[in-house]
Trainee: 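Structure provided below as structure tokens; questions to follow.
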There are 2 protein chains.
Amino acid sequence: MPSSTPGPAPDTTAAPVGRRERKKAATRKAIADAALRLFLERGYDAVGIREIADAADVSTTTLFKHFPVKEALVFDEDDDQEERLLAAVRERPAGTSVPAALREHALTSRLVTPNGDDRLTAFLNLVATTPALRDYGQNMWLRHTTALAHAIAEESGRPADDPTCRALAHFALEAPRAAHGHPDPRAAITSAFDLLERGWGALAG
Amino acid sequence: MPSSTPGPAPDTTAAPVGRRERKKAATRKAIADAALRLFLERGYDAVGIREIADAADVSTTTLFKHFPVKEALVFDEDDDQEERLLAAVRERPAGTSVPAALREHALTSRLVTPNGDDRLTAFLNLVATTPALRDYGQNMWLRHTTALAHAIAEESGRPADDPTCRALAHFALEAPRAAHGHPDPRAAITSAFDLLERGWGALAG
DNA sequence: TAAATAAGTGCAACAACTCAACTTTTGAAT
DNA sequence: ATTCAAAAGTTGAGTTGTTGCACTTATTTA
């Protein structure tokens, strides 16, 4: 997802880290930003690695120390996202159901911007129109589904490969997608998760 | 799937084609066979395109005229398989239900060999242990699911994106997988499809 | 038999990615 | 404060998948 250069981001990892880690994160961000900008300007396939490295003022080897393959430049929040997703389930406030926690997470994640977010739409369009990115994203989505399913299984004391957990994970990740483009995305998400919550509650209180 | 060099294969395309097409198919097969052999011997990543081309006695250019990317060398029956799958549904004998036709197809496809087929197991193992192949295969499976879902929708006069059709397609493709390694695979498949058939019949005769 | 089409070749090149040796920070222990 | 080891970055050369181009050879069709 697009990460704007300015703007007060919620600072997801609120650890007062040293200069080293900050610099590392900075170069990583510089690379990802340069890459996304160029990709949006001229298309994924028309931009080479060297060009991106130049734009970010780094060597190509450095680039590959941060991103294992070209596609990862686009989905650079992959790991963060998965981490936050699992945390939303594992560290949910006491008395909150799993679907409720997932709804909360879906609503606060910036995948659901009330007004049609240009940057997000452009990003989704880039992915949808580039086969390599479509495939990569699809597999990434599958990985997240599996990880979430396992987390849910652990939280609810079910077997790790319980189909119900996988189904819930699947729907929970699908809901925000479906909501995008909807007149009132937040309402769509809320009602979708209401549905999931009732179904889930009927199975295992 | 492995296609042995000798052995009387059922000759899937029973059209008396000209010499040109036969030669083309022959080189294609030579390439795929060489590739699979080398991959099984030394691992996917340890074998280069140039080496495969040499082993099949063709130029790398020719190789890429037959297979668009390296991974396709392994899943070389991709298109044929999908074609047969869709044909099984579309050209099923009158009075046969869709799930029944799919069961028939599943039982006759050589994915279900009664005795533990060494070559098939080796193949599946190769795919499972090679990330690039795992990913590629996963996406291929998804494509087949979509195609089958559309075919089912057309056959049963439902909307093209009907979730029920997609679910049936999903299960129908999953069943053979699940049956693999089962003590009696054919029985497992049969009973799985019995289940699907009853559920399907209960929805739309 | 001649023209048209398709398969295959050889070679050079590009782009993604890796490797090894080396320099410059930075964090921390003495 | 000084020293030292690890981490981040650079440089440059190499490997590998993949493509483009100009060309030959075989098969089909007219």
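A quick note: this is a predicted structure, and the numbers were derived from the prediction, not measured. Below, read A as the first sequence line, B as the second, and so on, with proteins coming before strands; counting in each chain starts at 1.
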Trainee: Write out all pairs satisfying salt bridge (Lys or Arg N to Asp or Glu O under 4.0 Å) with one or both partners inside residues 124-133 of chain A, taking only residues at least two apart or from two chains.
Mentor: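 Found none.
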Trainee: Checking B:E21 now: which residues fulfil side-chain hydrogen bond (donor to acceptor under 3.5 Å, both in side chains) with it, not counting sequence neighbours?
Mentor: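 Not a single residue meets the side-chain hydrogen bond (donor to acceptor under 3.5 Å, both in side chains) criterion with B:E21.
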Trainee: Using 0.5 Å steps for rounding, measure from the OG atom of A:S109 to the CD atom of A:E77.
Mentor: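 It is 10.0 Å, given to the nearest 0.5 Å.
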Trainee: Heavy atoms only: give me the nearest A:Y136-A:A72 pair and the separation to one decimal.
Mentor: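 So the minimum-distance heavy-atom pair works out to OH-CB, 3.7 Å.
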Trainee: If I take atom CG in residue B:L38 and atom P in nucleotide D:dG17, what distance separates them, rounded to the nearest angstrom?
Mentor: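 For the pair B:L38 CG and D:dG17 P, the rounded distance is 12 Å.
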Trainee: Note down the inter-axis angle between the two ends of the helix from C:dT1-D:dA30 to C:dT30-D:dA1, five pairs each, to the nearest 10°.
Mentor: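 Overall, the helix from C:dT1-D:dA30 to C:dT30-D:dA1 bends by 20° from one end axis to the other.
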Trainee: Please compare B:K23 and B:K70 by the position of their nearest nucleotide in DNA chain D and report the one closer to 5'.
Mentor: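 Nearest nucleotide further toward 5': that of B:K70.
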Trainee: Take A:T61 and A:F64, measure what side-chain contact (heavy atoms from CB on, under 4.5 Å) needs, and give me the verdict at the end.
Mentor: CA-CA 5 Å; A:T61 36; A:F64 279 112; 5.9 Å; no
Trainee: Measuring from A:E71:CD to A:D76:CG, what's the distance to the nearest 0.5 Å?
Mentor: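 CG of A:D76 is found 13.5 Å from CD of A:E71.
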Trainee: Counting only heavy atoms and a strict 4.0 angstrom limit, can you tell me which residues of residues 127-139 of chain A come near DNA chain C?
Mentor: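 Within residues 127-139 of chain A, no residue comes under 4.0 Å of DNA chain C.
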Trainee: Provide the full list of side chain to side chain donor-acceptor pair (under 3.5 Å) pairs with a residue in residues 91-101 of chain A, sequence neighbours left out, each pair given once.
Mentor: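 Side chain to side chain donor-acceptor pair (under 3.5 Å) check on residues 91-101 of chain A returns A:R92-A:E155, A:S97-A:E197.
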Trainee: I need the B:L133 CG to B:Q138 CD distance, nearest 0.5 Å.
Mentor: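 The CG atom of B:L133 sits 13.0 Å away from the CD atom of B:Q138.
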Trainee: Hey, are the side chains of B:T121 and B:N125 touching, using non-hydrogen atoms and a 4.5 Å cut-off?
Mentor: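 Heavy-atom side-chain distance check fails, nothing below 4.5 Å.
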Trainee: Report yes if the side chains of B:L85 and B:L173 come closer than 4.5 Å at any heavy-atom pair, otherwise no.
Mentor: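 Contact flag for B:L85/B:L173 side chains = yes.
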Trainee: Nearest whole angstrom, please: distance from the P of D:dA7 to the CZ of A:R28.
Mentor: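 Distance, rounded to whole Å: 18 Å.
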Trainee: Shortest non-hydrogen contact from A:I31 to A:I52?
Mentor: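 Heavy atoms of A:I31 and A:I52 come nearest at O-CG2, 4.1 Å.
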Trainee: Sequence neighbours left out, what pairs pass side chain to side chain donor-acceptor pair (under 3.5 Å) with at least one residue falling in residues 43-55 of chain A?
Mentor: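 Every pair satisfying side chain to side chain donor-acceptor pair (under 3.5 Å) with a residue in residues 43-55 of chain A: A:R42-A:E51.
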Trainee: With a 4.5 Å limit on heavy-atom distance, are the side chains of B:D135 and A:D135 in contact?
Mentor: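 Heavy-atom side-chain distance check fails, nothing below 4.5 Å.
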Trainee: First and last nucleotide of DNA chain C in contact with chain B, 5' to 3', at under 4.0 Å to a heavy atom: what are they?
Mentor: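 Result: C:dT5 to C:dA13.
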Trainee: Below 3.5 Å is the cut-off: list the nitrogen or oxygen pairs between protein and nucleotides 28-30 of chain D, distance only.
Mentor:
{"from": "D:dT28", "atom 1": "OP1", "to": "B:R19", "atom 2": "N", "distance (Å)": "2.9"}
{"from": "D:dT28", "atom 1": "OP1", "to": "B:R20", "atom 2": "N", "distance (Å)": "3.3"}

Trainee: Say you draw a straight line from CG of A:L73 to CZ of A:R28; how long is it, rounded to the nearest 0.5 Å?
Mentor: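 A:L73 CG to A:R28 CZ: 9.0 Å, rounded to 0.5 Å.
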Trainee: Compile the donor-acceptor pairs under 3.5 Å between side chains in residues 159-170 of chain B and protein atoms, sequence neighbours left out, one pair per line.
Mentor:
{"from": "B:D162", "atom 1": "OD1", "to": "B:T164", "atom 2": "N", "distance (Å)": "2.6"}
{"from": "B:D162", "atom 1": "OD1", "to": "B:T164", "atom 2": "OG1", "distance (Å)": "3.1"}
{"from": "B:D162", "atom 1": "OD2", "to": "B:R158", "atom 2": "NH1", "distance (Å)": "3.0"}
{"from": "B:R166", "atom 1": "NH1", "to": "B:T146", "atom 2": "OG1", "distance (Å)": "3.1"}

Trainee: Separation of A:R22 atom CZ from D:dA7 atom C1', in whole Å?
Mentor: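 About 16 Å, once rounded to whole Å.
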Trainee: Taking OP1 and OP2 of D:dT10, is either one under 4.0 Å from a side-chain nitrogen or oxygen of A:S59?
Mentor: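 For A:S59, the contact criterion (side-chain N or O under 4.0 Å from OP1 or OP2 of D:dT10) is met.
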Trainee: May I have the distance from B:H66 (atom NE2) to D:dT18 (atom C1'), rounded to whole angstrom?
Mentor: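 The answer, rounded to whole Å, is 16 Å.
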Trainee: Please write out each protein N/O paired with an N/O of nucleotides 19-25 of chain D under 3.5 Å, distance rounded to 0.1 Å.
Mentor:
{"from": "D:dG20", "atom 1": "O6", "to": "B:T61", "atom 2": "OG1", "distance (Å)": "3.4"}

Trainee: Using a cut-off of strictly less than 4.0 Å between a heavy atom of the residue and any atom of DNA chain D, enumerate the qualifying residues of residues 41-50 of chain B by number.
Mentor: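 Under 4.0 Å from DNA chain D: B:V47, B:G48, B:I49, B:R50.
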Trainee: Using side-chain contact (heavy atoms from CB on, under 4.5 Å), reason through B:R84 and B:D80 one step at a time and then give a plain yes or no.
Mentor: CA-CA 6 Å; B:R84 284 195 294 265; B:D80 279 355; 3.8 Å; yes
Trainee: Test: salt bridge (Lys or Arg N to Asp or Glu O under 4.0 Å). Region: residues 140-151 of chain A. Which pairs qualify, not counting sequence neighbours?
Mentor: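 Qualifying pairs: A:D78-A:R143.
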Trainee: Would A:R103 and A:D194 pass as an ion pair if we require N to O under 4.0 Å?
Mentor: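 Salt bridge present between A:R103 and A:D194.
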